[in-house]
There are 4 protein chains.
Amino acid sequence: MPGKPSESKRKDKSLRILVAADELFGEQGYDAVSVRDIARAAGVNKALVFYYFGSKEDLFARVLTRYYESHRSALEGALDASGPLDKRLGRLVDAYFDFMVANRSFARLVQQQIAGPGTHLELIQQNLTELERWTEHALEGLAPNDGPLAARHMFVTFSGAMINYFTYARALRPVWGGDPLADDALAERRAHLHWLVGVVVQGLKAA
Amino acid sequence: MPGKPSESKRKDKSLRILVAADELFGEQGYDAVSVRDIARAAGVNKALVFYYFGSKEDLFARVLTRYYESHRSALEGALDASGPLDKRLGRLVDAYFDFMVANRSFARLVQQQIAGPGTHLELIQQNLTELERWTEHALEGLAPNDGPLAARHMFVTFSGAMINYFTYARALRPVWGGDPLADDALAERRAHLHWLVGVVVQGLKAA
Amino acid sequence: MPGKPSESKRKDKSLRILVAADELFGEQGYDAVSVRDIARAAGVNKALVFYYFGSKEDLFARVLTRYYESHRSALEGALDASGPLDKRLGRLVDAYFDFMVANRSFARLVQQQIAGPGTHLELIQQNLTELERWTEHALEGLAPNDGPLAARHMFVTFSGAMINYFTYARALRPVWGGDPLADDALAERRAHLHWLVGVVVQGLKAA
Amino acid sequence: MPGKPSESKRKDKSLRILVAADELFGEQGYDAVSVRDIARAAGVNKALVFYYFGSKEDLFARVLTRYYESHRSALEGALDASGPLDKRLGRLVDAYFDFMVANRSFARLVQQQIAGPGTHLELIQQNLTELERWTEHALEGLAPNDGPLAARHMFVTFSGAMINYFTYARALRPVWGGDPLADDALAERRAHLHWLVGVVVQGLKAA
DNA sequence: GATGAATGAGTATTCATTCAT
DNA sequence: TATGAATGAATACTCATTCAT
């Protein structure tokens, strides 16, 4: 059937736009990317981006929500309360870290939004809030409700330890020997995070 | 003599531009801020921005370098090697934290650049590298040279714990009770960081 | 159907821009003409100029190349080597002169570039070189290869005699009686050029 | 007397501006040169240009008039009616050519104005008119008052032969072997012009 | 005579978006 | 579903010019 794009091809274009937008936004930030850039990278007509996504803002929101959906489902799977505390926390760290590895643009996308203009702050807030609730839940009975050792602080600290590694990677590559996002480097970082959790848990127990 | 620009007013305009740029860039990011915005916020003619700073890029670089200079001098003051390890690290944490408190746009400015297009990545790289060297120096003899406990990882982790609190603040304000940047909340965060350092040091010693 | 752009109207806009640019550049020179001027003269939106031509420089280059193409084909048609020398040279003079009459902006456009900043000098150079080769070819066997009577000098002299009449026209109109670009005045100039060729050829033969 | 610029230094600045303007206008054209460029090239403060010359336009006019004054005096000296026709015309050609050689920007400055916007057309007109009257005077009794052989046409032809060599020089340098403005090349061109005058005079006599 | 600061108007160019087809 | 053409608003930047000192 020449001339008539098959159904799979149709969704293809919409998806290709989404993927291109994801990469470009992640690399360069919302403002630095033009719809023309996205269309070109996706190999589609510029007007088609608007046909499918309405506006540049909406497209960006779609990219974000898409991440949050898979983000949430990734973490939810690791939240079952079985086993001892260490195992449970270890599973969370792994799930979070796996997600970051699989979605490399995510960290930068989120940090840009948090540090930048508050245009899409609501989405971010929802996500952060959810993450914090989970941290609180995971540390229940271990961390106090208030003060410097509260789960709230642990959340910020762990989030930073988790996410900043991926955003710093590009800037630190020339300084460190080797690529911080290579497999062995990632394994090392994962081990660091596990160690950090262990140390903090011990500290909390001692308190 | 109102209306007549006194001598102190002269450098004033250049400074007002710098301050306005600092705030706006910090709040909204490089791309989202126009020179017109900056000029308006500084209360000066748009062309004057170019008269004093040459280009938007140069102005941004000036804002960054200005931070880095005071950042460096702030940390250098805390680097003397006297006293036991805990005291020394404690001084570093305080110095860093004090700097963040005093320069609220800094964290967001840096995170934007690190997560974003990297146009001014070189400046950031210099600064990050310097910070990392200091961390390595401060942990000398305590942290191994390689592996998950290396100073390199400690640097990323602490940097995240330090800086992300300030960038997350705006997004988390509605969730937490009270302003994360209020005096008492800041004191609490500072205590958390000191505690974190203690816990990590203990973990390193035990390793 | 007024108001509805017919198919012929489509390429119309791009062409109207080209024509407007031609006239304005010819009259006022590259720098003195703004894209706004061109758009206004063409009756189109300013951004459309960039949509079709990319940049002001490219638009100017298009105007020039367009001339050169027709210039070349006009002269090529007059270059066949049949008949006696006088006839052949006469045909060349007529072809060149016809072209100048039909493309009134051309002379000024070229002189501006030659005398001016030379931004588009390459195009001019190509064209001039080609013209010179033709002159050399046409005078082969008659003019020496070197010295004050070389074809090279004849080329500059004839080119000046040909082109300057059209550029001087505007400045000399008030002095001369009547319009130098009116039909009878042009016929007179054409006769002058034929006479000049005759006189020069005779001089070359006598040498 | 340190700190106090001597009188000669004062006129120095005004002159340096004039010279810089001359060169830059000649090279790049009126529009392409900014007052800042001129001031920088002259090594003076930008505002001083306005102090001395009032406006960019006025400065340009000054550059032109300055040329015309020396142009006129150069030619007037060659206009005495003594000696036979050949000698008289030869002296004119030499005087004109000498002037062009000594004032290399002149040709381009004039051609720019003639071909470009008519902003300073009046000055040019005056000068051209004067030149034409002289040509008519020099050819009195030889050339008819009207028709293709009129002095009017001779003027345009000779003017073109004279001036275009200097404007074409830059564009043709790569094509010709050697620099068209080198001493020997100039001598050759001068010989060409003398030959041309001779040939034309002969043709006029024969008519 | 000389200058640094200041400005309003203008420049080329880009962009998100719309729309007829 | 897909696209080429079209546009109004915005952007960074430049310029000739003025003026207080």
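Proteins get letters first, then strands, A, B, ... in listed order; numbering begins at 1 in each. Side-chain atoms are counted along with the backbone in the values below, which use heavy atoms only and exclude waters and symmetry mates.
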* To do: Using the six-membered ring of D:F50, assess whether NZ or CZ of D:K56 lies under 6.0 Å from its centre and within 45 degrees of the ring axis.
  => no
* Can you name the one residue among D:Y67, D:Y30, D:F53 that meets ring pair (Phe, Tyr, Trp, His ring centres under 6.0 Å) with D:F60? -> D:Y30
* What does C:V33 touch in the nucleic acid at a heavy-atom separation under 4.0 angstrom: a base, only the sugar-phosphate, or nothing? -> sugar-phosphate
* Please state whether the phosphate of E:dA6, meaning OP1 or OP2, lies under 4.0 angstrom from any side-chain nitrogen or oxygen of B:K13. => yes
* If you check the C:L48 side chain, which of F:dT3, F:dA6, E:dA16 turns out closest? -> F:dA6
* Asked: Would you find a donor on one side and an acceptor on the other, under 3.5 Å apart, between the side chain of C:Q111 and the backbone of D:A115?
  -> no
* Specify the closest pair of heavy atoms between A:Q125 and B:R170, including all atoms of both residues, with the distance to one decimal. => NE2-O, 4.0 Å
* Rounded to whole angstrom units, what separation is found between the CD atom of B:Q28 and the P atom of F:dA10? -> 15 Å
* **Nearest listed nucleotide, side chain of B:N45, among F:dA12, F:dC15, E:dT7** => E:dT7
* May I ask you to verify if any side-chain N or O of B:K46 is less than 4.0 angstrom from the OP1 or OP2 atom of F:dC13? => no
* Look at the side-chain N and O atoms of B:Y51 and state whether any lies under 4.0 Å from the OP1 or OP2 oxygen of E:dA5. => yes
* Nucleotide E:dA12, atom C1' - distance to CG of C:L24 in whole Å -> 16 Å
* Structure fact -> DNA chain E nearest-nucleotide lookup for C:A47 and C:A32: closer to the 5′ end is C:A32
* Tell me which of A:K56 and C:K56 sits closer to the 5' end of DNA chain E, going by the nucleotide each one is nearest to. => C:K56
* To do: Report the distance from atom OH of B:Y30 to atom C1' of F:dA12, rounded to the nearest whole Å.
  => 9 Å
* Asked: Just how far, in rounded Å, is P of E:dT13 from CD1 of C:I38?
  -> 10 Å
* **Minimum-distance nucleotide to A:F50 side chain [options: E:dT7, F:dT18, E:dA16]** => E:dA16
* Judged by atom type as modelled, is there a donor-acceptor pair below 3.5 Å linking the side chain of D:R108 to the main-chain atoms of C:G116? -> yes
* **E:dA20 pairs with, by Watson-Crick or G-U criteria that keep both distances under 3.5 Å** => F:dT3
* Asked: Between D:S34 and B:R36, which has a closest nucleotide on DNA chain F that is more 5'?
  -> B:R36
* Structure fact -> Nearest-nucleotide check on DNA chain F, B:V35 vs D:D31; residue mapping nearer the 5' end is B:V35
* Rounded to the nearest angstrom, tell me the gap between atom CG in A:L59 and atom P in E:dC15. => 16 Å
* **Residue-phosphate contact under 4.0 Å: A:Y52 side-chain N/O, F:dA2 OP1/OP2** => yes
* To do: Give the rounded distance in Å between these two atoms: CZ of B:R40 and P of F:dA12.
  => 12 Å
